[in-house]
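Position 1 is the first residue of the sequence, and the numbers go up from there.
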Amino acid sequence: MSIHKIDVRDESVNSVVVGWEKAFGSFWAHVYLAGDGSGYPCPSREIGGDFREVKDPAIVIDFVRPYAHVPEDLAAILAADAETEGTCDMPAILGIQEGTSTAYDLSEAAIPF
């Protein structure tokens with residue numbers, strides 16, 4: 001996973017981070033707004049948190065542009081991150097997610113409780 005913090009536009013935004021998530025094969029962005037009232041350290045706005053949701057860094061850049069000063073070379077940086085880190089094997093990830101992985105077949109295991 002790559003993470004890049006970007007300078008925010010004004011005090012209404014606490015932070016903006018973008019990157020590449022190898023496990024999802026997706027670019028992602030999190031925007032943390034000041035005073036959003038959530039009470040949790042969760043992003044106020046986010047994109048790219050699902051399998052292969054965002055395949056083009058321009059989508060993430062357009063998403064964060066209202067909140068941050070986007071460096072001119074950000075698309076190239078994110079594309080290089082994706083190229084360097086690659087993606088996980090999708091069938092293996094989906095098997096884990098759906099509980100169908102054969103690595104830990106517990107269907108015949110004796111469970112003591």
Note to self: Working to the nearest 0.5 angstrom, can you tell me the gap between E46 CD and E53 CD?
What the structure shows: 8.5 Å
Check: Under a 4.5 Å cut-off applied to non-hydrogen side-chain atoms, are F63 and V18 in contact?
Finding: no
Margin query: Is the shortest side-chain heavy-atom distance between N14 and V8 below 4.5 Å?
Written below: no
Checklist line | Rounded distance [0.5 Å steps], OG1 in T87 versus CH2 in W20 | finding: 6.5 Å
Checklist line | F27 with Y32, same ILVMFWY side-chain cluster at under 4.5 Å | finding: no
Next item on the list: Would you please test V16 and R9 for side chain to side chain contact (heavy atoms under 4.5 Å, CB included) and show each step?
Entry: CA-CA 10 Å; V16 175; R9 286 201 176 270; over 6 Å; no
Next item on the list: Look up atom CH2 in W28 and atom OG in S2, then write down how far apart they are to the nearest 0.5 Å.
Entry: 7.0 Å
Next item on the list: Locate the shortest heavy-atom distance separating P57 from A75; write the atom from each residue and the value.
Entry: CG-O, 4.0 Å
Check: Can V17 be reached from L78 by stepping across I, L, V, M, F, W or Y side chains whose heavy atoms are under 4.5 Å apart?
Finding: no
Check: Roughly how far, to the nearest 0.5 Å, is the OG1 atom of T84 from the NZ atom of K22?
Finding: 11.0 Å
Next item on the list: Can you measure from CD1 (I59) to CD1 (I47) and round to the nearest 0.5 angstrom?
Entry: 6.5 Å
Next item on the list: With the side chain counted from C-beta on, respond yes when S26 and V54 share a heavy-atom pair under 4.5 Å apart, and no when they do not.
Entry: yes
Margin query: What's the separation between atom CZ in F24 and atom CE in M1, rounded to the nearest 0.5 Å?
Written below: 8.0 Å
Note to self: Quick check: do P71 and I6 have side-chain heavy atoms less than 4.5 Å from each other?
What the structure shows: yes
